[in-house]
Every structure is written in structure tokens, then in C-alpha cells.
Amino acid sequence: MAGKSDKFYITTPIFYVNDVPHLGHSYTMVVSDIIARWHRLLGERVFFLTGTDEHGEKIAKAAELRKEEVKAFVDKLAEAYKACWKGLSISNDDFIRTTERRHEEVVFRFIEAMDRNGDLYKGEYEGWYCVPDETFFTDLQLKEGRCPVCGRDVQKLKEESYFFRLSKYQDRLLEYYKANENFLAPKSRSAEIINRVKGGLKDLSITRKSVKWGIPFPMDRKHNIYVWVEALINYLSALDWRSEKSDLFWPADVHMVGKEINWFHSVIWPAMLFSAGLEPPRKVFAHGWWTVEGQKMSKSVGNVVDPMAMAGKYSVDALRYFLVREIPLGDDGDFSEKALRLRLNNELAADLGNLAYRVLSITEKFDGKIEGSPELEASLDLKGIEKDMQELNLSGALERIWHFIKACNKYVNDKKPWEMDGAELSNALYNLLESLRIISILVSPFMPETSDRLNAQLGVKSGLLSEAKFGAFKGKVKKGEYLFRKIDA
RNA sequence: AGCGAGGUAGGGUAGCCUGGAGUGCCCGCCGGGCUCAUAACCCGGAGAUCGGAGGUUCAAAUCCUCUUCUCGCUACCA
């Protein structure tokens, strides 16, 4: 029964813990959570992973700046991330930290597998070095020939380093892209990657002698493994690679990533997997960025949006709904409280909340048996919703669900159940209550808390997607609070 | 600069692959209806030469060429 066909493994990036979580992180999490919950709704065996990336020079510096011990510093931040995800109803099955032993062990095995395959060699990394900052930079990173951090002169330096033969995998990557059209997603970004790979791949320096806060390179302990190489392996270390668990869940079905790390996940990571003798993931999805009222979100501008504050002000579910409804997955979008309020007031309160409230109000005044024949079924495009979700068109799926909600509101207006009684009224209520039950199932991945509350008001248990069809209504209705309240500016 | 994506009513989007009346959705605006319900809901309407030019075709938002504007990526910044 536990076949590989009904498993689903989805990951988020592991976030770099040099600062607390913000709206961008939360967006990745919410999107991934919705996809994970959807697959659970399908009855699949889901493994949903997130975590934190805790090595590297930047983190060591950030800790030093605050006069804290590095481990204590990352411990504190990892907790902040965990708390934030809990607050946003994120249903991750595991939380991997790159400072954990289980991660280090898998990293060692992975590097050794690459080495056995003859893909690692010792060479020299050449770059521009800024002495006061103790950091290497590439030509592109320099600002007018000077250090991009402090603005001082840099010097060309060579450092011994181990390299990964990325160049060896150019053809194999291109073949993989070609054979798996859905791997690079969204489509609008795939050409960008393919053309760059076609342009040629250089081998990668994957170790550093100068970086102290990291995982040692197993073949030469004077070196530490470069953070991003090691970080990518988290997707396997959480599965305890070479275990029953990894046999079941690997390859990952979706790596959800921000567009800035697309290259690492679409090119370097699959090449590393080839090298270690593993299958690449099925899909890497690069989502877009949020601006805030037209401006880039940045600390210096001071417009960084705190997801917990937004969730506190408007409710977790309103925030989750807004994030996925506002923009198609893959596009960039603009965040503003005004836009959030608009969707909360019009779509959540006026459409969904009001529908539930008006139907439940009428139902409570009726004391007969609720039964009838499905009339609203035709307004629900379940196939379309399933297709959208399969294609990760989350905003499209919501649009279809709302189309149904609007059809239900229209049904109330047209039927005027408040003027009915007896069998006629029973039939109208049957249709509306079953619709609400189905709506509750459909919105549950997006707004789990709201779905629970609606279920409680309908007096039904939460169901799987297979139950999202008209049957006999078996609930015991008890009108409760509004699902959503309007909020004025 | 190279490569990529996109310019559709006041704003935001879908449609483009597989040409066939500008067809849809959301917000906003105008008018009407209703009153079970969170002053919510429903109906109707105004509003677009589908960035510009040329071409293919009986027919182009949709295919081809050119042009213009916007945005993204350009590898060791997690």
C-alpha cells in the first residue's frame, strides 16, 4: 500500500539565520504548506521539510557583532523561525538545522560519494581579497574595483581549494531538462537557466580554508565545506539518506525556492546528485519576490514586513489567503495593508463569511430534516481546481473556489429560502450546507483554522478531497462567530 | 552588453502554444433590485484601435519580422 506513487516530498529552502524571519520567508513557507496540505488532502504520504542554514562567515560575524557565542546565537534564531512557522499554521513534518549531527553525517557520506566518482580535485581559487573584511569577492561583486562592503582596495589572492567538476555534467543537465519539461518552473524562467547552462559551466570551488564556522571537508580537514554546497544536502540529511525513509521519499517532488537561489537548485544541486549517484528532484519552483507598496523590502528603507504582526492584526488565515490569492505563483507581487484589507473585506468577509453566516442563520430556524437533490454541483469546477493545484497555480484554484462561493450566494438570492418552508426549504438548505461542507474541504489547505471553525459550525468532521462531493448532509448545525470580520482602515 | 520574460478598459490579471466577432475574472466607477445575512448580497451599465509599425491569412491579442518601453538573470552575495 505504501507505494512510491502516493508519496509526496516537498521542501522549502533552509533559511539563513543571520536575521529574523520576514514576509519573504513566510511567503515561501505558506505556499509550500498549502501544497503539502493539498497532497495530504489527496490522501498521499507527505513529507514537508523546512529548516535553517546556520554556517558561514556571515553568521559567525553576526554573532560576534552581538558578542554572542555562535552556537547560542543560531540556537536562538532557529527558535525564532520555528515559532514563526507555528504561528502561521505551517505543518512541516521536520525541521532540519545544518548544525545538527544528522546533517553533518549525511554531508560526509555525500561528499565521499562525489569523490569516489572522481568529481573532486584540489586546485586554487583565485579572487579579490579584502584584508580588513577577510573576504573573497568575484570581479562582478566588486564596486568600481573596490571592496563592496567597506570600499577599500582589494588584492588578487590565490587560496588552495577543492573543486567540483560541474563542467562534466553540462550535457547530462541539458538532457535532463529536455526529458523533464516540468522540472524548471515556472516556464517563464526555464529558458534563462537552459541558455546559461548551454553557455558552459565552470568547475566550482567548494571548500574554504579561511572560513572557520562550518563543516570540515572530510578528505582534508584544514578546509571547511562551502556553506551552500553543504546546505543543499539538507534535503537528503533530513531523510537520513540511505535509509528506508530516503528510499521512499527521494527524489523530492518539489523544491520550492526563491528566484535568487534558482541557479543553485536547478543546476548545481542536480549535478551534485548526479555525481553522488542519485536522481534529481522532480521539480524546482522559483517563486517571485514581494515589494512593499511599490518599494523593495529592505532594512535600510525600514519597510520590512513582520509576518507575525500582520497575522496578529488581520488573522493568520487572512494573511495566508492574501499571499497566495494576490499574485500567481512565480510572479512578483506588491504587498500593502490596503490590498490585504480589500481582499479580507470583500472576499473573506463578504463572500465566504457572509455566505456561511446567512445560511447557518436560516438553518437554525428550521427544525425539519435536511435532505434534497444536488442543484449547485454544476457550479463547482472540481476538475479545474485539481488541475490548478497539480500545476501549482494556487491563485487560479482559489479563483475557482470563489467562483463557487459566489454561485452559492447567488443561489440564496435567487431561491429566497427565507420565503420558503417545508420540503422546498429543506432542499435549498441541503444544497447550501453541502456546498459549505465542500468549500470547507477545499479551503482547508489555504486556511486550516477557518476550515476547522466552519466544520465546527456545520457539525461535520474534516474530510479528504474524495469527500468533496454532494452526498447526504449529516451535520449538526450550530451557528457561531463570523468567520471573518471586516476591518476598516 | 549578453541571455530571458513581459507590455490586454482607471488598476490588476486570464486568453496567445492548437488564429475565427475584444471573450473572461477581480478591484474601482455609474444605475437598478433585494433584505435571510457582517450597510453585506444580486442584476445591469460605462470603459480597451489587446505597446507601435509592417507582413502572412478569407480572418490575428493569438503566427512572422522590425521597433519601443518595463522587468529579471549573468555562478561561488544562503
Side-chain angles (χ1 to χ4, degrees), chain A residues 13-18 52-59 98 125 127 135-138 140-141 148-149 161 163-164 166 186-208 226-232 234 257-265 267-268 286 288-289 325-328 330-334 338-339 342-343 345-365 393 395-396 398-400 402-403 406 408-420 428 432 479 481-487:
Chain A
I14 48 173
F15 299 110
Y16 204 55
V17 291
N18 56 351
T52 41
D53 184 5
E54 307 184 355
H55 286 126
E57 206 52 24
K58 267 194 174 177
I59 285 170
T98 58
Y125 171 73
T135 312
F136 276 92
F137 298 102
T138 61
L140 279 166
Q141 284 175 272
V149 178
S161 173
F163 283 77
F164 166 48
L166 178 63
K187 286 253 190 311
S188 53
R189 290 194 173 277
S190 65
E192 194 168 283
I193 295 289
I194 292 170
N195 285 347
R196 269 180 72 192
V197 174
K198 277 183 183 164
L201 294 171
K202 287 192 290 192
D203 290 347
L204 289 165
S205 159
I206 60 161
T207 69
R208 278 291 185 284
Y226 218 73
V227 271
W228 52 258
V229 168
E230 168 244 298
L232 285 165
N234 89 86
V257 300
K259 62 184 182 184
E260 81 286 2
I261 53 174
N262 195 14
W263 178 257
F264 293 100
H265 286 81
V267 180
I268 295 171
W289 277 139
R325 180 63 188 84
E326 183 71 358
I327 54 168
D331 287 9
D332 289 343
D334 187 57
K338 190 182 167 208
L342 220 51
R343 292 206 181 270
N345 289 346
N346 293 330
E347 294 164 24
L348 295 178
D351 290 340
L352 175 57
N354 186 51
L355 174 67
Y357 198 79
R358 70 199 299 208
V359 169
L360 294 175
S361 295
I362 301 168
T363 307
E364 284 208 327
K365 293 174 199 152
N393 180 7
S395 56
L398 278 181
E399 215 172 304
R400 287 184 209 275
W402 252 253
H403 182 83
K406 282 164 188 282
C408 292
N409 268 319
K410 183 171 158 51
Y411 182 87
V412 177
N413 282 43
D414 292 348
K415 292 277 177 178
K416 301 187 199 302
W418 56 90
E419 292 175 3
M420 296 174 165
L432 290 162
K479 189 172 81 173
E481 284 294 299
Y482 296 140
L483 294 177
F484 295 95
R485 277 178 187 284
K486 291 203 166 194
I487 291 189

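Values below: all heavy atoms of this structure, side chains included; hydrogens, waters and symmetry mates excluded. So you know, we letter chains A, B, ... as the sequences are listed, proteins then strands, and number each from 1.
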* Asked: Does B:rG47 pair with anything, Watson-Crick or G-U wobble, both distances under 3.5 Å, and if so, with which nucleotide?
  -> none
* To do: Look at the side chain of A:Asp351 and the backbone N and O of A:Lys406, then say whether any donor-acceptor pair between them is shorter than 3.5 Å.
  => no
* Asked: What nucleotide, of B:rA40, B:rG4, B:rC76, holds the atom closest to the side chain of A:Ala350?
  -> B:rA40
* Asked: How close or far is atom P of B:rG2 from atom NZ of A:Lys198, stated in whole angstroms?
  -> 18 Å
* Over how many whole Å does the gap from A:Asp332 atom CG to B:rG12 atom P extend? -> 14 Å
* To do: Would you mind classifying the nucleic acid contact of A:Ser188 as base, sugar-phosphate or nothing, using non-hydrogen atoms under 4.0 angstrom?
  => sugar-phosphate
* Asked: Counting side-chain heavy atoms from C-beta on, which of B:rC76, B:rU35, B:rG72 comes nearest to A:Arg189?
  -> B:rG72
* Take atom C1' in B:rU8 and the same atom in B:rU70, then report the distance between them in whole Å. => 16 Å
* Asked: Can you tell me how far P in B:rU23 sits from the matching atom in B:rA48, rounded to whole Å?
  -> 13 Å
* Return the nucleotide paired to B:rA39: Watson-Crick means purine N1 to pyrimidine N3 with N6-O4 or O6-N4, wobble means G-U with N1-O2 and O6-N3, both under 3.5 Å. => none
* Asked: Can you check the A:Ile327 CD1 to B:rC71 C1' distance for me, whole Å?
  -> 14 Å
* Asked: When the nearest nucleotide of RNA chain B is assigned to A:Pro328 and to A:Trp228 on a heavy-atom basis, which residue is associated with the more 5' position?
  -> A:Pro328
* Roughly how far, to the nearest 0.5 Å, is the CG atom of A:Leu432 from the NZ atom of A:Lys415? -> 9.5 Å
* Which value, in whole Å, describes the distance between the P atoms of nucleotides B:rG22 and B:rA5? -> 28 Å
* **5' priority, RNA chain B, between A:Ile59 and A:Glu419 [closest heavy atom]** => A:Glu419
* Asked: Between B:rC73, B:rC41, B:rC26, which one does the side chain of A:Glu192 approach most closely?
  -> B:rC73
* Quick one: is A:Lys202 getting a side-chain N or O under 4.0 Å of the B:rC76 phosphate, OP1 or OP2? -> no
* If you look at every strand shown and take non-hydrogen atoms under 4.0 Å, does A:Phe15 touch a base, only sugar-phosphate, or nothing? -> nothing
* Asked: If pairing requires Watson-Crick or G-U wobble contacts with both distances under 3.5 Å, which nucleotide is the partner of B:rG2?
  -> B:rC73
* Could you check A:Ile261, A:Leu204, A:Ile206, A:Val229 and say which one makes a side-chain contact (heavy atoms from CB on, under 4.5 Å) with A:Ile268? => A:Leu204
* Between B:rC36 atom C1' and A:Asn409 atom CG, what is the distance in whole Å? -> 11 Å
* Structure fact -> Taking B:rU13, B:rC25, B:rU38 as options, the one with an atom nearest any side-chain atom of A:Glu399 is B:rC25
* Tell me: CH2 of A:Trp289 to C1' of B:rG72, nearest whole Å? -> 13 Å
* NA contact type, A:Gly200, heavy-atom cut-off 4.0 Å: base, sugar-phosphate, or nothing? -> base
* Planes under 30° and centres closer than 5.5 Å, is that true for A:Tyr357 with the base of B:rU38? -> no
* Asked: Hey, is the main chain of A:Phe264 close enough, under 3.5 Å, to the side chain of A:Trp228 for a donor-acceptor pair?
  -> no
* Rounded to whole angstrom units, what separation is found between the CZ atom of A:Arg196 and the P atom of B:rG4? -> 13 Å
* Asked: When rounded to the nearest Å, what value does the distance between P atoms of B:rU67 and B:rA59 take?
  -> 26 Å
* Asked: Does A:Asn195 make a side-chain N or O approach to OP1 or OP2 of B:rG4 shorter than 4.0 Å?
  -> yes
* Between B:rG52 and B:rA9, how far is it from one P atom to the other, in whole Å? -> 10 Å
* Asked: How about A:Asn413 and A:Arg358: does a side-chain donor come under 3.5 Å of a side-chain acceptor?
  -> yes
* Do A:Asn413 and B:rC41 share a donor-acceptor pair, side chain to base, under 3.5 Å? -> yes
* Structure fact -> Among the nucleotides B:rA37, B:rC27, B:rG4, whichever has the atom closest to the side chain of A:Ala191 is B:rG4
* So what does A:Leu342 hit on the nucleic acid, given a heavy-atom distance under 4.0 Å: a base, only sugar-phosphate, or nothing? -> sugar-phosphate
* Asked: In whole angstrom, what separates A:Asn354's CG from B:rC34's C1'?
  -> 13 Å
* How far, in whole Å, is B:rG7 from B:rG44 if one measures between their P atoms? -> 29 Å
* Asked: When you measure from the side chain of A:Asp53 to the backbone N and O of A:Phe15, does any donor-acceptor pair fall under 3.5 Å?
  -> no
* Asked: A:Glu260 near the nucleic acid: base, sugar-phosphate alone, or nothing, with a heavy-atom cut-off under 4.0 Å?
  -> nothing
* Asked: Applying a 3.5 Å limit to both distances, which nucleotide forms a Watson-Crick or G-U wobble pair with B:rG10?
  -> B:rC27
* Asked: Expressed as a whole number of Å, how far does the P atom of B:rC71 sit from that of B:rU65?
  -> 25 Å
* Asked: Is B:rA21 paired to anything, Watson-Crick or G-U wobble with both distances less than 3.5 Å, and if yes, which nucleotide?
  -> none
* To do: Pick base, sugar-phosphate or nothing for A:Lys410, based on heavy-atom distances below 4.0 Å to the nucleic acid.
  => sugar-phosphate
* Asked: Can you tell me how far P of B:rA39 sits from OH of A:Tyr482, to the nearest Å?
  -> 6 Å
* Can you tell me, in whole Å, how much space there is between the C1' of B:rG28 and that of B:rU13? => 15 Å
* Asked: Backbone N or O of A:Gly333 within a donor-acceptor pair of the A:Glu326 side chain at under 3.5 Å?
  -> no
* Describe the nucleic acid contact of A:Leu201 in one word from base, sugar-phosphate, nothing, applying a heavy-atom distance below 4.0 Å. => base
* To do: Using modelled atom types only, decide if a donor and an acceptor are shared between the side chain of A:Asn354 and the backbone of A:Ala349 within a distance under 3.5 Å.
  => no
